[in-house]
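Letters A, B, ... mirror the listed sequences (proteins, then strands); counts begin at 1.
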Amino acid sequence: MKRKKSAYWAVSCWLGLALLGYGLQPLVTPRRSSDAQRMLQERIIQKSLLIDAENASIVDRQLLLDLFLPEASNFELVPARMIPSRDLSPLRSSAVIDRGLESRLAPGMGVIGAQGIVGQIYQVGNGWSRIQLADDPAFVVPFQDEQDMRGILAGGPGRGVGYPKLRLDPLVLAEGDLLYTDGSGGVFPPSIYIGIVDQSRIPARDSVIRLPAGLDNSQEVLVLTPLDVGGSP
Amino acid sequence: MRLMWLVTICLLALMTTTAYRPLLDSTIATADPAMVLLAWLALIDRMPRIFVAMTIIGLLRIWFGIAEIPDTFVPLLAVIVSVRLLRQYLDPYHPLKRFQILIPALLVGVILQWILLTGGLVGATELVLWSLLLSVVIAGLLLPILDLMTPLLRSARYPL
């Protein structure tokens, strides 16, 4: 009987330990003010990238229309609310949005936010979809740097970071370099902010890329639904 | 009743993982309380109960996340197999020697999961170094609690 009593005590202790963990969470989550500042900076970067793309189109509109418009107009933007949800697998990173099958969402579609890339739809249901966030180790996205050198970025191993998994061009990453989508792969249009080089290391795959802030926060996102541009009926 | 307690303990382990995840980041992968629980069960318990615990943990991870069957069950199986192999050489009842079984088994599990997710070992070095240290602390903290819980599981294999 005494042993059983101590077993109940042990269960309570463990429960207390778990609740303590939940209680400590606000202490380690980034301060809202610094997070908001970073989000604002990243929003400015994203806006300037889009303005650059727009300015470029003015220079030779016809050429750029021929080149980029078919690709840029291949997406319909579906607004959704992202709710952070802690994945039960310790290495995986996911979130939930309030749109699903009713909005014709499907697995594999890209998700972007005001700061840049957010992730990719993984699972769809009625009124909900689960997103694989950009810092998930299994998430990969083609990128290009400011010199238009291309590579493949993968998420992880930590929260809010990624690393260049593969170099498609002889790119040299320097701290502070901005990375954005190159439009290949058909999931994301070009000029979507992916992240900034936080630590540059040799070999390049050991470098640390800081992904847009707010991946684990509740935020408004846009789902990139490819438009059906199929040929003849 | 025993199964109910096993389910409760599994849920507690998963709850602890989510509670400490923001604090410990990805290092929680090796020091994952759910993995520690499974390894502890694999030390001395019967195989059916180990597989029940593995199924509960695995299914919950698949249902409430983006985990897939291979990257969920292969690492869990690897932990069980490693513990069972190592306990042939080291005493699983010894309070210190069981750490020498548990820590390498947890490492095998997390490395395998990383390989399954990324297709290689890139980025795993840092993860392994930090989580190795942390897994000793977490296992050191959880094992005495788990030992106290044995009367609820009512197995003849646990030392009285």
*Asks:* Closest approach of A/Val11 and B/Met149, non-hydrogen atoms and distance?
*Replies:*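 Shortest heavy-atom separation between A/Val11 and B/Met149 comes out as CA-CE, 3.6 Å.
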*Asks:* Enter the distance from A/Ser6:OG to B/Ile145:CD1 here, rounded to the nearest 0.5 Å.
*Replies:*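 Going from the OG atom of A/Ser6 to the CD1 atom of B/Ile145 covers 12.5 Å.
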*Asks:* Are more than 12 heavy atoms from other residues, nucleotides or ligands located less than 6.0 Å from atom CZ of A/Arg201?
*Replies:*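 Yes, CZ of A/Arg201 has more than 12 neighbouring heavy atoms, counting only those of other groups under 6.0 Å.
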*Asks:* Locate the shortest heavy-atom distance separating A/Asp87 from B/Thr18; write the atom from each residue and the value.
*Replies:*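 Here A/Asp87 and B/Thr18 meet closest at O-CG2, 4.3 Å.
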*Asks:* Contact part of A/Gln132 toward chain B, heavy-atom cut-off under 4.5 Å: side chain, backbone, both or neither?
*Replies:*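 Its backbone and side chain both get close to chain B.
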*Asks:* Tell me, side chain or backbone of B/Leu116 under 4.5 Å from chain A's heavy atoms, or both, or neither?
*Replies:*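 For B/Leu116, there is no contact with chain A at all, as no heavy atom is under 4.5 Å.
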*Asks:* Measure across B/Arg61 and A/Leu88 and return the closest heavy-atom pair with its distance rounded to 0.1 Å.
*Replies:*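 Residues B/Arg61 and A/Leu88, closest heavy atoms: NE-O, 3.0 Å.
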*Asks:* Measuring heavy-atom distances to chain A, does B/Leu142 have an atom under 4.5 Å in its side chain, in its backbone, in both, or in neither?
*Replies:*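 Only the side chain of B/Leu142 comes within 4.5 Å of chain A.
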*Asks:* Where the side chain of B/Asp32 meets the backbone of A/Pro90, is there a donor-acceptor pair that is under 3.5 Å apart?
*Replies:*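 Answer holds: no.
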*Asks:* Given the options B/Leu14, B/Thr8, B/Leu60, which has more heavy-atom pairs under 4.5 Å with chain A than any of the others?
*Replies:*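 Of B/Leu14, B/Thr8, B/Leu60, B/Leu60 has the most heavy-atom pairs under 4.5 Å with chain A.
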*Asks:* When only pairs under 4.5 Å are counted, which of B/Pro144, B/Pro33, B/Ala67 shares the most heavy-atom pairs with chain A?
*Replies:*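 Most heavy-atom pairs under 4.5 Å with chain A: B/Ala67.
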*Asks:* Flag the one option from A/Ser93, A/Ala95, A/Ser85, A/Pro203 with the top tally of heavy-atom pairs under 4.5 Å to chain B.
*Replies:*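 The candidate making the most pairs under 4.5 Å is A/Ser93.
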*Asks:* Grab the two heavy atoms, one from A/Asp136 and one from B/Ile66, that are nearest each other, plus how far apart they are.
*Replies:*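 Closest approach of A/Asp136 to B/Ile66, heavy atoms only: OD1-CD1, 3.6 Å.
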*Asks:* Could you check A/Leu91 against B/Trp114 for side-chain contact (heavy atoms from CB on, under 4.5 Å), going step by step and ending with a plain yes or no?
*Replies:* CA-CA 8 Å; A/Leu91 279 178; B/Trp114 187 257; 4.0 Å; yes
*Asks:* Atom CH2 in A/Trp14, atom OG1 in B/Thr16: separation rounded to 0.5 Å?
*Replies:*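 That separation rounds to 5.5 Å.
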*Asks:* Please classify the contact of A/Arg92 with chain B as side chain, backbone, both or neither, using a heavy-atom distance under 4.5 Å.
*Replies:*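 For A/Arg92, the contact with chain B is made by backbone and side chain together.
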*Asks:* Let me know if B/Ile57 has heavy atoms under 4.5 Å from chain A in its side chain, its backbone, both or neither.
*Replies:*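 Interface part for B/Ile57: neither.
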*Asks:* Considering only heavy atoms, which portion of B/Thr118 lies under 4.5 Å from any heavy atom of chain A: side chain, backbone, both, or neither?
*Replies:*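 Both parts, backbone and side chain.
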*Asks:* Answer yes or no: are there more than 12 heavy-atom neighbours, outside B/Phe99 itself, under 6.0 Å from its atom CZ?
*Replies:*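 More than 12 heavy atoms, drawn from other residues, nucleotides or ligands, come within 6.0 Å of this atom.
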*Asks:* Against chain B, work out which of A/Ser89, A/Ala138, A/Ala154 has the most heavy-atom pairs shorter than 4.5 Å and name it.
*Replies:*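 Ranked by contacts with chain B, first place is A/Ser89.
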*Asks:* If you count heavy-atom pairs under 4.5 Å between each of A/Cys13, A/Ala7, A/Ala18 and chain B, which one has the most?
*Replies:*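 That would be A/Ala7.
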*Asks:* Give, as side chain, backbone, both or neither, the part of A/Tyr122 having an atom under 4.5 angstrom from any heavy atom of chain B.
*Replies:*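 Interface part for A/Tyr122: side chain.
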*Asks:* Could you tell me whether the side chain of B/Tyr20 and the main chain of A/Leu17 form a donor-acceptor pair under 3.5 Å?
*Replies:*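 Present.
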*Asks:* What part of B/Ala13 gets within 4.5 angstrom of chain A, counting heavy atoms only: side chain, backbone, both, or neither?
*Replies:*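 B/Ala13 touches chain A through backbone and side-chain heavy atoms alike.
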*Asks:* Check each atom of B/Asp71 against the heavy atoms of chain A and say whether the ones under 4.5 Å are side chain, backbone, both or neither.
*Replies:*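 The side chain, not the backbone.
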